[in-house]
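A, B, ... follow the sequence lines: proteins, then strands. Residue 1 opens every chain.
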Amino acid sequence: MSEPGQIALQTEGIGKRFGSLVVSKDVSIKLPRGARHALIGPNGAGKTTLINLITGQLRPDTGRILLDGKDVTGLATAARVRRGLTRTFQINTLFPDLTPLEATMLAITEREGTSGQFWRGLASHASAVEEAYEILVQLRLGDVATRTTRTLAYGQQRLLEIGLALATRPKVLLLDEPAAGVPKAESGELFQVIAALPDDISVLFIEHDMDIVFNFATRIVVLVAGEVLLEAEPDVIRTDSRVREVYLGHGHHA
Amino acid sequence: QETVKIGLIMAYSGPFADTANQMQAGIDLWLAEHDGMVGGKKVELIKKDTGGPAADVAQRLAQELVVRDGVDIIAGFTLTPEALGAADIATQGNKMMVVMNAATSVITEKSPLIVRTSLTIPQLNYAFGKWAVEKGGVNSAYTLVADYGPGHDAEKAFAKGFTEAGGSIVGADASPVANPDFSAFVQRIKDANPQSVYIFIPGGAQPPAIGKALSDRGLTPPDVKVFGQGELTLPEALESMGDTAKGIITTFHYTMERDDPLNNEFVKAYRDANNGRSPDIFSVGGFDGMHLIDEALKKTGGDTDGAKLVEAAKGMAWDSPRGPISIDPETREIVQTVWIREVQEVDGKYQNVIIDQIPNVKDPLHGAAK
Amino acid sequence: MSVFEIVFWLSMLLPFFFFPTYLTLASQVAITALFAISVDLILGYAGIVTLGHAMFFGLGAYVAGLLSARLGWGEPISGLFIAGAFAGLVGFVASYLIVRVQHMALLMVTLGLGFLTYELANAMTWLTGGTDGLSGVNTWPIFNHFRFDLWGYTAYSYSLVVLLLGFLISRRIVNSSFGLALRGIRENVRRMPAIGSEHRWHLQKVYTISAAMAGVAGALLTQSTNTVALEVLSFQRSADVVVMLILGGTGRLYGAILGSIIFLLVRDQAAGLNPQYWYFWIGLLLMIVVLFLPKGILGGLSRLVRRNG
Amino acid sequence: MISSVAIVLFDGLAFGMLLFVLSVGLSVTLGLMNFINLAHGAFAMLGGYTAVWLMRQFGLPFLLTLPLAFLAAAAVSILFERTLFRRLYGAGELNQVLFTIGLVFVAAAGATFVFGTGQQPIVLPDWLRGSVELFGLRFGIYRMFLIVVALAITGLLYFTLERTRFGAQIRAAVDNQRVAQGLGLNVERIFAITFALGSGLAGLGGALAIEIVGLDPSFGFHFLVYVLIVVAVGGLGSVTGSFVGAALLGIGDVAGKYFVPEIGSFLIYLLLVAILLVRPMGLFGKR
Amino acid sequence: MPDAILELRDVRSGYGEGIVLDGVSASVPKAGSLAVLGRNGVGKTTLLLTIMGFVPLRAGAVFFAGEDVSAMHPHQRARRGIGWVPQERDIFPSLTVEENLTVAARKGRWDLDAVYSLFPRLRERRTNMGNQLSGGEQQMLTIARTLMTNPSVLLLDEPLEGLAPIIIEELTAAITRMAKDEGIALVLVEQHATVALGLTEDAIVIERGVVAHRGRSADLLKDEKTLDRYIGMNLEPG
Ligand SMILES: Nc1ncnc2c1ncn2[C@@H]1O[C@H](COP(=O)(O)OP(=O)(O)OP(=O)(O)O)[C@@H](O)[C@H]1O
Ligand SMILES: Nc1ncnc2c1ncn2[C@@H]1O[C@H](COP(=O)(O)OP(=O)(O)OP(=O)(O)O)[C@@H](O)[C@H]1O
Ligand SMILES: [Mg+2]
Ligand SMILES: [Mg+2]
């Protein structure tokens, strides 16, 4: 796993501050190909910010981001996405008046570079339609593929968040609390979908529900006040006293 | 009973609504005084609004008047672009077109069927420029005009007359047409320290604004002479300017206060019909336009053929409230007396008092390409 | 095409048979409708609000006018293309500014550019004729055969054909994957980069197309009236077209056409009845539409149809 | 030369202050309430006509007509707010644009009907007319008066909107009407008061503007553009922003015309575009 | 039940023509607490919205402190002492954190100091704009903001969403304290049924618009079968 060619995503000494507030401090993490890693930490620790930095919504003050060994720090978000670095949002960021099918197709045509073709009818992109539909079916959104997004149940919208990300054919997928607001029973299913993604996709997810984290993550990064406190296997995290003190609290016994 | 249909194309709405309003009141007054008849026939007015300076709209309206409403004569024309827009239609439809306000010289060249009863800007200002040197007692001037066609025309004509008479123009500025604040321009004038200032601006809110700006800087007669075309001292402007207007000298073809029986009667009747509002150049342009139509129709015996009517109008001469006027048979352009007026206090109120006159003035630039 | 659409376009032919004296009005409506469609492309589909689109309309109008008045080239169809290309080129340059701002700033930048163009045209009186307008425009007969007649048969046929073409092109655009991308931008710009979209480029593209189309509309006006006045560039024209578009309903192309028809017809009729106060009725119409048909007239109609159908 | 510059700056500032009083109300309704009230100019016009009418009809002194112009515009706006505008708060900006433009049309027709198309001159009291000489320079008295009024308004507004809880309540109510209500804020009353404040300021501005720019039925359209420019440049919802923006535009406009009259008419738009490209939220805008 | 602080009598309500709740009765005694459970979309949020007056009441009545508040505006109800914490993170984005807290504050035990010591994180971010907060911070702010109005009954709609486990721990402790020490009554809607039941005395389960089960929370917590039937939820290993 530690072979350099195997590292899909790597950050080196990422630093970021908002005024006097340090939100990232010398963050260096590695995400191997095919990984299912979790990113946890107290509220406001800088988890979402880290994802924003990695994907280019924010610019780091210091440090580099390597995707497949190549420096992408200077690239715009869209360019990173086209190289396979995609994220979802903690708070739904969808297209309320498009249908899931349209939204997914949009992502696909952007990926294929056909989104600028104003002379071709939408229906003529047959393979894109098919692919979009497949993605939605895979996420059990097949039934609602042609309803407008705003009428979908909250949980379905969370799934669509992931669907849009998948449509970009990511190599690295960063998920920001994908199950937030999804009832317990359904969040398990949602993570099963994530776990079942192809092996060549590397996943890093943020989640506050420890049952899920311990069930699905093979490795966990703990971020506290912008710094990596610890990175280890779930069993180590579970019993680490520092993690317990700043994050887990005492209710969560192994 | 036979009727004559007259189509009026004016900017009844928009920023020039007041102009159209006054023209209309002039037209209405003439009709009221003549039982609503021209050339012995009942008049039917068809009013069309251009909504502002809109050449394409004016063109369409003229066309509609001709093909849809079947008018005999088109008239009105608050603004130059509108008159220009409609000119072709007049030619194509063989209708006499009476321009009752728009004042750019070139208009009458656009169609042989156009006759004008208002003025041209060079007509007023070329003679005035000469007068300013010869009788106004100055030989340097700074000009400030509104930055649009009429303003440029005015500046050119005044400067031409002024320099021909031996004066020199020491500075010239153009202010944006919708300029709300003149302090910058007035300061420039002050810096140049001329003997006199010449101003041309459209009526409305600007005259008092510029008058006050001048007086705030101490640019007032007798220290510095202020010349302008008559819009500068319209009655509303005088009311608002108060004593700062004293001594301003303007050129105009109509002066409401001119003591003359015909004019006094006109003013009184106009005020009675319009809630006390006084007539102005626009009113008189409309009023005289109707007279012209009436006389021309009488001459043709009611024939409304455009070419015949225009032929009849050529050389026509009559007494208007503004004084004696006639139509130049060559250019179909109005020939009139240019009045030089000064703002003076009369019975505790400021008004324009005629101090000189230049009779029978033709448009000086006419025929020459602009 | 649906039945509705066929009926709609056929009804556009009615003036030829039933209202021949309204043909010039009809051609002004068609020209305005084309202009409104160009605005719908950016406002209704890509969410770019504008208060300065007359800039492109006017540029097209002046280019067509100058071709004839200064260069003596009065051939109408090539004139349309040249005017559209020029307006599109300026639109492309302007688009670099446009994509940098949103909301109020966007509104005001478009307004500012519009006014700048207007003032520029006024300042270049030697070229444009300034406030007096450009004189000497003379458009040749179409295909060297159809003269622009007093009644407006040629003008309306010509404008209607160009409108139909503009409409078809626009419809193709909005129903393409590009159109989908535009809707995506309108719905949620923030998400676009995250799905790999260079959305600014999309916006620049549609802005350029729209500018070109507005330029064609302006050129049509010049050619069918043989006049160009400064007013083609005015703020009023920019504002009016937006009003018509919202009135008809944004983001549906037909709304642009319907809005132009209704606005100009109501205006014509109201001004015919009372030239001084017609805008009172227009104002009332706008207020009532907002209160009772918040998605514009077409939006209201389509809701009605859906409810009954 | 230096004295000319001083006087140009003074005049520019005074003109800017006029723009400020005309526009600050819109900054309040647009910036704080997110309501695009293009009829702002119509409320200014209402204030103007109120002042003219009171002076003519009842011979009220000019100073007394100012607060009455404020009240008249505020009162009418409450009426509109309660019956019509409130239905538009959630209706989207395009609908607000359409509706308020419609209202300007109607207002212009109304003004034409009642007062005619002509200019409405007013005669100021003697003590506000003319100019005084200070340090060898002549300053227009009315312009000084405008500056003083504008400063007073700025102070008052800054205090009420940015320093008291009321300002925060307005923004909260706009951000999320339902939650604001759920926390016990009387959103309807807050909106009505804010709206009245914004329109009242417009009315006051209208009355103050007559002396400088005149008054006729097209006032509502005419000043809309200037007002929008000030608000956009200053930054939505910021009183300080409107103040600085207006001062900057006033001075820029006057100074530009003084030094480079050739581009005098372009200058204000060049400034507008340049400022917004660098600072899209305006000079003091937060959102 | 005369000493009920909040009482719903045969409440029927819904959106547009649809009915979501059809004859729900429930009451919360002074200083008492009630868990509202049910599957996704059964109308738990709707119940709270009806209490606040945001969703129109079609039939029945809502009493607060013995007074019929059915006809009152939401803001009047809030001022009477009903404190509502909305489900979505509806902070005011254009207000700073501190302004968010003070904008609707009313006098009482909960003031800035008190909420800051409950959520120290907020004190650190006090000058930030609301929308610059992290997801969890926003959730804290929503709760703190309502506390600042010093309500006598607190309606919490899934308040634990997105909070770190340790914060959840502190928050639940605080909620328990509030009920005990200050007599603030509590209505808690929560996906984490175990947590909700652990925090409350009574519970109702809503299904198809009516109360399908009613009982002591402690009993329900033990009754896995009922829970599974109504909520369809595999209790996580506790
Ligand atoms: N504004 C609305 N208009 C129409 N229907 C609505 C609206 N809000 C909610 N509903 C419907 O009312 C029902 C109850 O919704 P509610 O939000 O009360 O459920 P909930 O129990 O709180 O669900 P969750 O656990 O997902 O928060 C749902 O079927 C929902 O689709
Ligand atoms: N634009 C901004 N300006 C100032 N501070 C910000 C900004 N964005 C985020 N912050 C602050 O940075 C810190 C980290 O935020 P971030 O959203 O990364 O937290 P998080 O770890 O995702 O927390 P949570 O688990 O609650 O979502 C927070 O304290 C937040 O208030
Ligand atoms: Mg987060
Ligand atoms: Mg809910």
From [X] atom [atom1] to [Y] atom [atom2], the distance as rounded to the nearest 0.5 Å:
X: D:Leu228; Y: C:Leu107; atom1: CG; atom2: CG; result: 7.5 Å
X: C:Met287; Y: D:Asn95; atom1: CE; atom2: CG; result: 13.0 Å
X: C:Thr117; Y: D:Phe266; atom1: OG1; atom2: CZ; result: 9.5 Å
X: D:Phe99; Y: C:Leu291; atom1: CZ; atom2: CG; result: 4.5 Å
X: D:Leu276; Y: C:Leu97; atom1: CG; atom2: CG; result: 11.5 Å
X: C:His103; Y: D:Leu236; atom1: NE2; atom2: CG; result: 10.0 Å

Count the heavy-atom pairs under 4.5 Å between each of [options] and chain C, then report the option with the highest count.
options: D:Leu103, D:Ile101, D:Ile263; value: D:Leu103
options: D:Thr100, D:Val104, D:Ile229, D:Leu271; value: D:Ile229
options: D:Val233, D:Ile275, D:Val225; value: D:Val225

Problem - Residue-level interface, residues 77-87 of chain D with chain C, non-hydrogen cut-off under 4.5 Å - result: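 Heavy-atom contacts from residues 77-87 of chain D to chain C are D:Leu84, D:Arg87.
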[X], part contacting chain C, at a heavy-atom distance under 4.5 Å:
X: D:Glu93; value: side chain
X: D:Leu88; value: side chain
X: D:Phe113; value: both
X: D:Ala108; value: both
X: D:Leu94; value: both

Exercise for the section: Please collect all salt bridge (charged side-chain N to carboxylate O under 4.0 Å, His left out) contacts where either partner lies in residues 245-254 of chain C, sequence neighbours excluded, each pair once. Expected result: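 Qualifying pairs: none.
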Exercise for the section: Describe, in one word, how the ring planes of D:Tyr269 and C:Phe115 are oriented to each other, choosing from parallel (under 30°), tilted (30 to 60°) and perpendicular (over 60°). Expected result: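 Geometry flag for C:Phe115 against D:Tyr269: parallel rings.
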Exercise for the section: Provide the closest heavy-atom pair for C:Gln276 versus D:Thr112 in the form atom of the first, atom of the second, distance. Expected result: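 Heavy-atom minimum between the residues: OE1-CG2, 4.4 Å.
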Problem - Neighbour count above 12 (heavy atom, 6.0 Å) for D:Phe221 CZ - result: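 Atom CZ in D:Phe221 is packed in, count exceeds 12.
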Practice task
Answer yes or no: are there more than 12 heavy-atom neighbours, outside C:Lys295 itself, under 6.0 Å from its atom NZ?
Solution key: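 It does not: C:Lys295 NZ has 12 such atoms or fewer within range.
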